[in-house]
Amino acid sequence: VTRDFDELTYLDLNPDVLRAVLSGQCSSGYAHWIQGGSVEGRSVRPAEGMPSGWNEARYLRLNPDVAPGVQAGIFASGYEHWTRQGYYEGRPGGGPPPCLRTTVGDVLSSASAGFNMFAFYGTNIGLGTAALGYTAALRPILPVREVAIPWNLRTLEGVAIAPAPHAINLVHMNPDGLSQFLGRYGRDVLPGRVNIAIWVWELHAGYAPWHAQSRLFNEIWTPSTYSANAIRPVSEVPVYVIPHVVDGLPTPDAARKEDDGAFVFLYIFDIASTFERKNPLALVRAFRKAFGSRQDVQLILKYHHSEFDSAATKLLERLAQTTPNIRTINETLPEEQVYELLRSCDCFVSPHRSEGFGLNIAAAMYYGKPVIVTGYSGNMDFTTPENSFLIDYDLVAVQRETGAYKANYVWAEPSEDHLAALLLTVVNSPDEAHRRAEHGRRTIQERYSVRAISEAIRHRLTAWGLKL
């Protein structure tokens, strides 16, 4: 071995080689350097000109996707990556980001009192609907500047964002897409503002990289106790429950029945939120067990974004074609038509494996519909045995990585036998179904109104010392 070659430094600077050595694919770092690393121009020592205290090897080891960019000359070093974008992406290993946390009092000397809301406005996803609700709750408090972010974050390079005029930034974007937004706009929008992240999460625990991302914010808001309990262990800043708004939904004088004479069960879900998590096959099995081919009972499955899992969608549609009392609607409908489906059904069902909140469940309850839902996760802030029909479940491991959800994390497996029994109960016991539905309607309309959520936000602002 040459005198100036340090095995550990070489492996830290080249994380793929470290993995190869640990897995037995390569005998040593020096062997790799001799056999090809030197020709590839692999680093054997950190680049010069680093500030004191900077650990280049550690940064590259903790961010193995950065090393190829350094090798290709996209970045002169890991330090350059950190200064250009890494700290706004919440990358680990670079130390604390520049001090972005400031108080409202400090900010108000240079910015107006109000909110800059960065969100997926105008998109047909739950986060888009939730953003509109939060905006409605913010407006009675202070002015709101709406900043629409495209759902496809890969198109951000072509999107210009005007300077944020107000003192408080609300970034309504989950951690899995946050790094792209922050890498593109973080240095322009975060400094000199009070920064709040709005996250929602569906699994029992968050992921380690979120810890570094959380450092960029003063605090995190999330819509349910379940989601807050998942995020808190991986957040460096406080996490508070600020629920979604479920209020002001269209209510025409009379709702049209979707299928005259038939009792209609409805499930609305987004396949982009993963087929496995939404779990519609459990409902198909339970419905067939409960009702067979009875024509006086119908099941409507409304979904969109089928391109995210075409194989699963085709299976679901084949099953529906062989079951005459199951109907599928595979399209993105205008919001008014979605609410019409909710108003015209007799019962809403959600056999989910996990939810961060459950906006469609809450909307059905707002309309006074009985709901049959898995008795687990974010919906348990508002679904109870008194106002809902809760499906029994077992906790199981996520079997394979799907969407943002990693294998071996935990979610629920609802009992299909119990679901079938509850379907029959709602049809055969209309008085009890109506009693629980009325209780549920009151729960949502009282606790999730614009006024109620505005008060929750006011409470947070006054805790900062902001006078309203």
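Judged by distance alone, the side chain of Asp270 and the main-chain N or O of Ala272 form a donor-acceptor pair under 3.5 Å. At distances below 3.5 Å, not a single donor-acceptor pair connects side-chain atoms of Lys289 with backbone N or O atoms of Asp417. Of the possible polar contacts, one joining the Asp309 side chain to the Ala312 backbone as a donor-acceptor pair under 3.5 Å is found. Remark: side-chain polar atoms of Thr323 are not paired, donor with acceptor, to backbone N or O of Ala320 under 3.5 angstrom. Between the side chain of Ser429 and the main chain of Val426, no donor-acceptor pair closer than 3.5 Å is present. Ser388 contributes no side-chain N or O that, together with a main-chain N or O of Pro385, makes up a donor-acceptor pair within less than 3.5 Å. Distance alone, capped at 3.5 Å, is enough to place a donor-acceptor pair between the Tyr134 side chain and the Ile242 backbone.
Scanning all heavy atoms of the two residues, the minimum distance from Phe263 to Cys347 falls at CE2-CB, 4.0 Å. Across all non-hydrogen atoms, the minimal contact from Leu341 to Leu266 is O-CD2, 3.5 Å.
Checked against a 6.0 Å centroid threshold, the rings of Tyr448 and His244 do not count as neighbours. Between Tyr267 and Phe265, the distance from one ring center to the other does not fall under 6.0 angstrom. Between Tyr367 and Phe348, the ring centre distance reaches or exceeds 6.0 Å.
For the residue pair Asn195 / Asn218, no side-chain donor-acceptor distance below 3.5 Å is found, with atom types taken as modelled. In this model, no donor atom of one side chain and acceptor atom of the other lie less than 3.5 Å apart for Thr222 and Tyr240. No side-chain donor from either of Asn229 and His204 sits under 3.5 Å from a side-chain acceptor of the other. In this structure, a donor-acceptor pair under 3.5 Å is absent between the side chains of Tyr393 and His418. Inspection of the Gln213 and Trp199 side chains reveals no N or O donor paired with an N or O acceptor under 3.5 Å. Side-chain polar atoms of Asp381 and Ser224 form no donor-acceptor pair below 3.5 angstrom. Between Glu317 and Asn330, the side chains place a donor N or O and an acceptor N or O closer than 3.5 Å (distance only, hydrogens not considered). A side-chain N or O of Glu276 and one of Thr402 form a donor-acceptor pair less than 3.5 Å apart. Judged by distance alone, the side chains of Asn116 and Arg145 never bring a donor and an acceptor atom under 3.5 Å apart.
Listed by chain and number, the residues in a side chain to side chain contact (heavy atoms under 4.5 Å, CB included) with Arg277 are Glu202, Ser273, Thr274, Ser354, Glu355, Tyr405, Trp411 (sequence neighbours excluded). Legend: residues meeting ring-ring contact (aromatic ring centres under 6.0 Å, His included) with His305, ordered by chain and number and at least two apart, are Trp151, Phe308.
Cation-pi geometry between Arg447 and Phe382 is not satisfied (NZ or CZ under 6.0 Å from the ring centre, within 45° of the ring normal). Taking the ring axis of Tyr207 as reference, the NZ or CZ atom of Lys406 stays within 45° of it and closer than 6.0 Å to the ring centre.
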Arg288 vs Glu416, test: salt bridge (charged side-chain N to carboxylate O under 4.0 Å, His left out). Steps then yes/no.
CA-CA 11 Å; Arg288 289 168 60 160; Glu416 293 172 11; over 6 Å; no
Evaluate the salt bridge (charged side-chain N to carboxylate O under 4.0 Å, His left out) criterion for residues Lys302 and Glu331: first the C-alpha distance (whole Å), next the side-chain angles of each, then the deciding distance (0.1 Å), finally the verdict.
CA-CA 8 Å; Lys302 157 66 183 77; Glu331 61 180 303; over 6 Å; no
List the steps and the verdict of side-chain hydrogen bond (donor to acceptor under 3.5 Å, both in side chains) for Asn387 and Arg436.
CA-CA 4 Å; Asn387 67 17; Arg436 296 196 199 189; over 6 Å; no
Audit row: His81, Tyr59, side-chain hydrogen bond (donor to acceptor under 3.5 Å, both in side chains) steps and yes/no
CA-CA 10 Å; His81 177 274; Tyr59 185 74; 2.8 Å; yes
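Note on ring orientation: taking the six-membered ring where Trp is involved, the planes of Trp210 and Trp201 are perpendicular (angle over 60°, cut-offs 30° and 60°).
For Arg451, the CZ atom is loosely surrounded, since the number of other residues' heavy atoms within 6.0 Å does not exceed 12. For Arg458, the CZ atom counts as densely surrounded, since its 6.0 Å shell holds more than 12 non-hydrogen atoms of other residues, nucleotides or ligands.
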